[in-house]
Amino acid sequence: MKRIKIAVQKKGRLSEQSISLLKKCGISFSQTNNKLIIRSTSMPVDILLVRDDDIPNLINQGIADMGIVGNNVLEEQESSGKCDSLIKEVMLGFSKCRLSLAAPKTKSFSDLNGLTIATSYPGILGKYLNENNIKANIVEIHGSVELTPFIGIADLICDLVSTGATLESNNLEEINIIIQSEAVLVTNSNTNNDELVKKLISRVVSVTDARNRKYIMFNADNQNKEELINMLPAAESPTVISLADTNKIAIHALCKENIFWETIDNLKEKGASSIVILPVEKLVS
Ligand code: ATP
Ligand code: ZN
């Protein structure tokens, strides 16, 4: 039987959640240090552990059938026309960040024309500058981009930001978001029709869709039914069950959004009791 190869980042910001997602999809394997390839014991799947920058190309060339990579890396490599057969299958909602322009707080630029921008993303930045008719110079640098404005290499930078703490500690101010990014499941147009690849994509969708969902159960007075149901965030039609005590009901509902303490307090105020909230592990529609 043909084995599917899935490429994930070996060590870095994408690794832990990529591995955890694959495990939730039923792909069991034991992680051993310094291995490039791990065989799954539960499915005909091999995991390739590589640098994130290599993932788009490995999938584009068909060496891996699918993989998980940041949208930023994908778009950068696509902008140079190298990865033309890649397909973004599922946005995965983790490793969220943005690629932004940032400038030293001490300077203010009214116009980017003629300035020099340091970045590890010359493709995405070049496209942005073209689309906005800006004539700026790009200096490609991999590593310590945030220091370049202070050593005379660049006027400003274009770099990844998640919380903004790194910019803040380097006295830089975010001035413009160029693209938003998160981890994405990628396949290639030659392999995405394979039965096992299709099955794995649908499992990834089920696990990803379940992430923010919660299942809530509580008891209440029948007379408060409508009001209580309306308090539930994005609930699908709830199940209402009569309890032995004739005035009491139990309400069970699948909520498409997280249930915060505020909602729980409001439910309690309206007489809800025995409130149980469960995480949803998989959601198959
Ligand atoms: P590798 O050794 O695999 O090349 P790397 O140093 O290029 O690793 P990481 O720093 O682990 O990569 O980041 C991997 C991805 O995590 C990024 O491409 C991006 O999609 C995402 N990410 C999320 N938040 C951040 C952040 N604050 N800074 C950098 N990347 C982030
Ligand atoms: Zn990398």
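Note that ligands are numbered from 1 as they come in the structure, with each ligand's atoms numbered from 1 the same way. The structure displayed is predicted, hence computed values, not measured ones.
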Next on the checklist: Students should be able to answer this: which protein heavy-atom is nearest to atom 2 (O) of ligand 1, and at what distance?
Outcome noted: Arg51 NE, 3.4 Å
Next on the checklist: Quick test: of every protein heavy atom, which one is nearest to atom 27 (N) of ligand 1, and how far off is it to 0.1 Å?
Outcome noted: Ser162 OG, 2.8 Å
Checklist entry - For atom 9 (P) of ligand 1, what's the nearest protein heavy atom and its distance? => result Gln9 NE2, 3.8 Å
Checklist entry - What do the steps show when you test Glu76 against Val73 for side chain to side chain contact (heavy atoms under 4.5 Å, CB included), and what is the final call? => result CA-CA 5 Å; Glu76 178 62 25; Val73 168; 5.7 Å; no
Item to check | Closest to atom 22 (N) of ligand 1 among Gly70, Gly12, Cys97, Ala165 (heavy-atom distance) | outcome: Cys97
Checklist entry - Is the count of non-hydrogen atoms from other residues, nucleotides or ligands lying under 6.0 Å from Lys105 atom NZ greater than 12? => result yes
Next on the checklist: Quick check on the hydrophobic clustering: are Ile141 and Leu99 connected, directly or via other members, by side-chain heavy-atom contacts under 4.5 Å?
Outcome noted: no
Checklist entry - Hey, what do you get for CE (Met231) to SG (Cys255), rounding to the nearest 0.5 Å? => result 13.0 Å
Next on the checklist: Looking only at N, O or S atoms in Asp53, which is nearest to the Zn ion (ligand 2)?
Outcome noted: OD1
Checklist outcome for this item: Closest to atom 16 (O) of ligand 1 among protein heavy atoms sits Arg13 CB, 3.5 Å
Item to check | Straight-line distance of Gln180 CD to Ser100 OG, nearest 0.5 Å | outcome: 7.5 Å
Checklist entry - Which residue supplies the protein heavy atom nearest to atom 14 (C) of ligand 1, what is that atom called, and how far is it? => result Asp52 OD2, 3.5 Å
Checklist outcome for this item: the Zn ion (ligand 2) -> Asp52, closest N, O or S atom is OD1
Item to check | atom 30 (N) of ligand 1 - nearest protein heavy atom and its distance | outcome: Leu160 CD1, 3.3 Å
Checklist entry - Between Ser28 and Thr41, is there a donor-acceptor pair closer than 3.5 Å when you use the side chain of the first and the backbone of the second? => result no
Checklist outcome for this item: Paired with Met66, the side-chain contact (heavy atoms from CB on, under 4.5 Å) test is passed by just one of Ile201, Thr191, Asn188, namely Ile201
Next on the checklist: Within ligand 1, which atoms have a heavy atom of Val73 less than 4.0 Å away?
Outcome noted: 18 (O)
Checklist entry - Are Val205 and Leu22 connected, step by step, through hydrophobic side chains (Ile, Leu, Val, Met, Phe, Trp, Tyr) whose heavy atoms are closer than 4.5 Å? => result yes
Checklist entry - Which residue owns the protein heavy atom closest to atom 20 (O) of ligand 1, what's the atom, and how far is it? => result Asn72 OD1, 2.6 Å
